[in-house]
Number of protein chains: 2
Amino acid sequence: MEAQTQLEISDAEWEVMRVTWTLGSVTSSQMAEIMAEKMGWKTATVKTLLGRLIKKGALRAEKNGRAFIYYPTVDEQPSMDEAVTTLFGHLCQMRVGQTLTDLVDKLTLSQNDIASLQTVLAEKAKTAPEEVDCDCLPGGVKC
Amino acid sequence: MEAQTQLEISDAEWEVMRVTWTLGSVTSSQMAEIMAEKMGWKTATVKTLLGRLIKKGALRAEKNGRAFIYYPTVDEQPSMDEAVTTLFGHLCQMRVGQTLTDLVDKLTLSQNDIASLQTVLAEKAKTAPEEVDCDCLPGGVKC
DNA sequence: TTACACAGTTTACATCCGTAAACAAAAGAT
DNA sequence: ATCTTTTGTTTACGGATGTAAACTGTGTAA
């Protein structure tokens with residue numbers, strides 16, 4: 001079967017997904033209220049985004065009387081992982097390390113997050129190469 | 001003065017920037033040749049992208065006889081940092097730690113990259129909170 | 001000088017995105 | 001049995017993007 005074609009969720013749509021993921025399920029009126037406060041969007045805008053997410057298959061709607069209740073059809077963590085992995089995949093591999101360091105320096109991480117990262121890093125250190133080459137030019141041209 | 005308004009560089013444009021950053025300067029014919037191999041793009045496509053990047057101010061063109069030589073006007077590392085920071089800023093803050101861990105697990109990092117990360121993490125651990133709250137809903141609603 | 005080959009500039013064009021208004025159907029209020 | 005409110009569907013519309021062809025000016029080879 002076809003592996004779920006990378007559903008492209010746009011920035012605005014992503015905000016709708018975040019709320020849905022957090023609440024587990026939402027009605028459009030609920031979402032409209034939340035987005036009005038969080039993003040300053042009109043109800044019409046929210047309706048459009050919900051519709052597009054349904055069409056893209058990122059949300060599922062279950063009829064409940066007059067209206068629908070919306071549920072996410074994709075999980076949050078995998079979606080986040082994919083978004084991040086895709087971005088890093090488009091960056092110069094020689095510089096992802098520095099980029100990551102700069103990022104970690106700015107982010108707020110919990111004690112547990114830090115511990116997990118340290119564990120993963122310690123493990124990676126065992127087999128990490130001395131250096132990573134730039135991959136911005138085709139055919140492994142010197143950089 | 002106006003702080004350089006976040007120049008939005010699209011995915012396709014980003015590929016052109018990577019090559020320019022790596023080479024320091026390029027002619028359009030050079031870029032066309034490289035992108036034909038790396039991305040399978042027609043010369044016309046490359047011309048369009050170079051033009052758009054000039055217009056956006058990400059590249060600068062210096063006349064050299066009949067043609068131009070293109071130079072980046074923004075640096076690579078800051079651009080990468082910004083792209084990454086922006087993405088993470090749109091993710092549930094409660095989950096960025098896990099996301100980062102998943103990412104690091106997949107990336108290829110050099111020994112030095114790992115060492116740098118470990119240093120930053122050790123420092124952060126000193127003041128890191130026990131946990132980070134979800135910020136997907138407005139007004140700090142419970143999650 | 002004359003025609004050719006590059007390099008840059010314009011135009012093209014379908015699709016996606018952000019942001020909504022307009023319209024329609026159905027449920028509830030009177 | 002209507003009028004109104006709620007909720008979903010259709011239409012809108014300018015700008016960004018990916019992808020490129022067409023047009024133009026000008027050194028260059030003949």
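By convention in this document, chain letters (A, B, ...) are assigned in the order of the sequence lines, proteins followed by strands, and residues within each chain are numbered from 1. Small disclaimer: the values here were computed from a predicted structure and weren't measured.
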Residue mapping more 5' on DNA chain C - nearest nucleotide basis, A:Glu13 or A:Gly65: A:Glu13

A:Ile9 vs A:Lys42, nearer the 5' end of DNA chain C by closest nucleotide: A:Ile9

Proximal nucleotide (of [options]) relative to the [X] side chain:
X: B:Arg66; options: D:dT28, C:dG18, D:dA21; answer: D:dT28
X: B:Asp11; options: C:dA7, D:dG18, D:dA20; answer: D:dG18
X: A:Trp41; options: D:dT7, C:dA20, D:dT17; answer: C:dA20
X: B:Arg52; options: D:dT19, D:dT28, C:dG18; answer: D:dT19

Once you round it to whole Å, what is the distance between [atom2] of [N] and [atom1] of [X]?
X: A:Phe68; N: D:dT6; atom1: CZ; atom2: P; answer: 18 Å
X: B:Leu59; N: C:dT9; atom1: CG; atom2: P; answer: 13 Å
X: B:Leu50; N: D:dT19; atom1: CG; atom2: C1'; answer: 14 Å
X: A:Leu49; N: D:dT9; atom1: CG; atom2: P; answer: 14 Å
X: B:Ile69; N: C:dG8; atom1: CD1; atom2: P; answer: 10 Å
X: B:Lys55; N: D:dG15; atom1: NZ; atom2: C1'; answer: 12 Å
X: B:Glu33; N: C:dA7; atom1: CD; atom2: P; answer: 11 Å
X: A:Lys63; N: D:dT6; atom1: NZ; atom2: C1'; answer: 13 Å

Does A:Glu131 have more than 12 heavy atoms from other residues, nucleotides or ligands lying within 6.0 Å of its CD? no

Under 4.0 Å, counting only non-hydrogen atoms across every strand here, what does [X] touch: a base, just sugar-phosphate, or nothing?
X: A:Ser10; value: sugar-phosphate
X: B:Lys56; value: sugar-phosphate
X: B:Lys47; value: base

Distance test, side-chain N/O of [X] to OP1/OP2 of [N], below 4.0 Å:
X: B:Tyr70; N: C:dA7; value: no
X: B:Thr48; N: D:dA20; value: no
X: B:Thr43; N: D:dA20; value: no
X: B:Ser28; N: C:dG8; value: yes

Is A:Gln93 close to A:Asp133 at the side-chain level, that is, under 4.5 Å between some pair of heavy atoms? no

I'd like to know whether A:Glu13 forms a salt bridge (Lys or Arg N to Asp or Glu O under 4.0 Å) with A:Lys56, so could you lay out the CA-CA distance, the side-chain angles of the two residues, the decisive distance to 0.1 Å, and finally the verdict. CA-CA 10 Å; A:Glu13 288 161 5; A:Lys56 290 185 178 182; 2.7 Å; yes

Per the side chain to side chain contact (heavy atoms under 4.5 Å, CB included) rule, which among A:Leu109, A:Asp113, A:Ile114 passes with B:Leu100? A:Leu109

Going by atom types alone, do B:Gln77 and A:Thr99 pair a side-chain donor with an acceptor below 3.5 Å? yes

Can you see which heavy atom on B:Trp14 is nearest to which on A:His90, and at what distance? NE1-O, 3.2 Å

